[in-house]
Amino acid sequence: MSHTSISRRMVLATAALALSVCLPAWAQAPILIQFSHVVTTDTAKGKAAQRFKELAESRTGGRVRVEVYPNSQLYKDREELDALRLGAVQMLAPSLSKLAGVGGGDFEVFDLPFLFKDHAAFRRVVDGPMGTDLLRKLEASGIKGLAYWDNGFKVFTGDRPLQAIRDFKGLRIRIQASRVLVSQMKTMGAEGSIGPLASVHEALRSGRLNGQENVPVNIQSQRLDDLQSHLTVSNHGYLAYAVIVNKTFWDKLPADIRTILEGALRDATLYENSLAEAENTRALDRLTSSGKLAVYTPTAQELLEWRQALEPVYQEAKGWISPQTLSAIKQVTGAPP
Ligand code: LMR
């Protein structure tokens with residue numbers, strides 16, 4: 001190496017050192033956001049998490065780095081909430097059903113059967129005062145709620161035909177961790193078996209479960225259709241998410257960075273919500289045309305019977321969902337009987 005190139009390298013190294021001494025701490029190493037979630041990258045949530053990463057990194061000029069860990073790669077359902085509270089990850093987008101443990105029973109209002117007529121009804125609820133009030137309830141657990149992400153209507157799959165409520169008698173059906181969902185399955189004469197999404201495939205394969213409920217896109221992307229023979233387009237419940245962060249982490253961010261991240265999340269949220277409905281329609285079409293499962297769509301009369309049979313769930317849920325939340329949701333959806 002020539003003398004000139006050695007001295008050029010020394011000048012550069014000295015300049016870099018001088019720069020690093022002058023620059024504030026954030027300029028020396030990017031702020032790291034680890035974003036964990038439990039679904040695949042080709043779902044609306046998976047794509048929006050990736051979009052958030054891209055927007056956050058480019059708009060902060062590299063001052064923020066976002067690492068997305070999809071499909072329970074890092075943590076499963078419960079674990080990721082513990083990890084967020086401990087600060088081992090900074091960002092999650094769990095389903096609202098899973099938030100009762102950290103935000104109180106009111107989050108389970110979204111699990112009430114046949115609550116929303118359509119996606120717009122869900123958005124009216126979460127974009128209104130009730131949506132804001134609910135997110136505030138997370139703060140006591142050191143969590144800040146930033147946005148709601150949509151998914152869609154759940155259907156049932158099983159290892160046998162599940163056309164009427166009586167067909168569920170005595171079956172074990174996987175549900176998410178929500179008392180409303182436990183009550184729903186009990187009312188249907190079945191046992192609701194709570195477990196993380198990452199374990200459903202194996203539990204169905206081994207026969208420990210007879211069936212499960214989820215949105216078409218999760219059924220397809222988790223390959224649950226390989227293990228189930230029947231699907232009923234019941235659209236009996238709704239699955240949606242909150243994007244949440246560790247509150248201490250978020251509050252300590254430099255104000256300008258936080259503003260940029262809020263903007264990035266707003267755009268990622270619009271993107272997510274624009275994808276969700278179409279993705280489920282497409283996934284249901286694919287599940288139907290694959291021929292792996294027999295798909296049954298109940299008639300309007302049959303769905304009315306489902307609805308009536310599930311009314312006791314609303315009564316039972318009064319035990320842990322506040323009257324204010326129940327009446328607020330009733331005003332927007334008109335749904336609870
Ligand atoms: C489930 O556990 O079935 C869902 O909450 C997974 C998800 O995040 O869509």
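Counting starts at 1 for both ligands and their atoms, in listed order.
For ligand 1 and V38, the ligand atoms under 4.0 Å from any heavy atom of the residue are 6 (C), 8 (O). Taking every non-hydrogen atom of L239 and a distance limit under 4.0 Å, the qualifying atoms of ligand 1 come out as 5 (O), 9 (O). Close contacts between ligand 1 and R174 involve ligand atoms 1 (C), 2 (O), 3 (O) [criterion: under 4.0 Å to a heavy atom]. Within ligand 1, counting atoms from 1 as listed, the ones closer than 4.0 Å to a heavy atom of S95 are 5 (O). Close approach to D77 involves these atoms of ligand 1, each under 4.0 Å from a residue heavy atom: 2 (O). Heavy-atom contacts of L197 reach the following atoms of ligand 1: 2 (O), 3 (O), 6 (C) (cutoff under 4.0 Å).
Given atom 8 (O) of ligand 1, the protein heavy atom at minimum distance is K45 NZ, 2.7 Å. The protein non-hydrogen atom at the shortest distance from atom 2 (O) of ligand 1 is K98 NZ, 2.8 Å. Among protein heavy atoms, the minimum distance from atom 5 (O) of ligand 1 is reached at Q176 OE1, 2.7 Å. Summary of contacts: the protein heavy atom closest to atom 9 (O) of ligand 1 is Y241 OH, 2.5 Å.
For R266, the CZ atom is loosely surrounded, since the number of other residues' heavy atoms within 6.0 Å does not exceed 12.
Assignment of H37 to the shell around ligand 1 is not supported, since no heavy atom sits closer than 4.0 Å.
At a heavy-atom distance under 4.0 Å, no atom of T43 approaches ligand 1. When non-hydrogen atoms are compared, ligand 1 lies under 4.0 Å from neither the backbone nor the side chain of V215. Here K154 has no heavy atoms under 4.0 Å from ligand 1, in either its backbone or its side chain. Looking at N214 against ligand 1, only its side chain comes within 4.0 Å, counting heavy atoms.
A salt bridge between R59 and D267 is present, with a side-chain N of the basic residue lying under 4.0 Å from a carboxylate O of the acidic one.
Counting heavy atoms from C-beta outward, V313 and F114 have side chains that stay 4.5 Å or more apart. Residues V233 and P216 have side chains not in contact (no heavy-atom distance under 4.5 Å, counting atoms from C-beta outward).
Counting only N and O atoms by type, the side chains of R123 and N273 include a donor and acceptor under 3.5 Å apart. Checked by atom type, the side-chain pair S97/D111 shows a donor-acceptor distance below 3.5 Å.
A ring-centre distance under 6.0 Å is not found for Y241 and H37.
Nearest heavy atoms, Q163 versus T232: N-OG1, 4.3 Å.
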Side chains of residues 133-146: which donor-acceptor pairs under 3.5 Å do they make with residues two or more places apart or in other chains?
from, atom 1, to, atom 2, distance (Å)
S141, OG, V102, O, 2.7

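At distances below 3.5 Å, not a single donor-acceptor pair connects side-chain atoms of R223 with backbone N or O atoms of H201.
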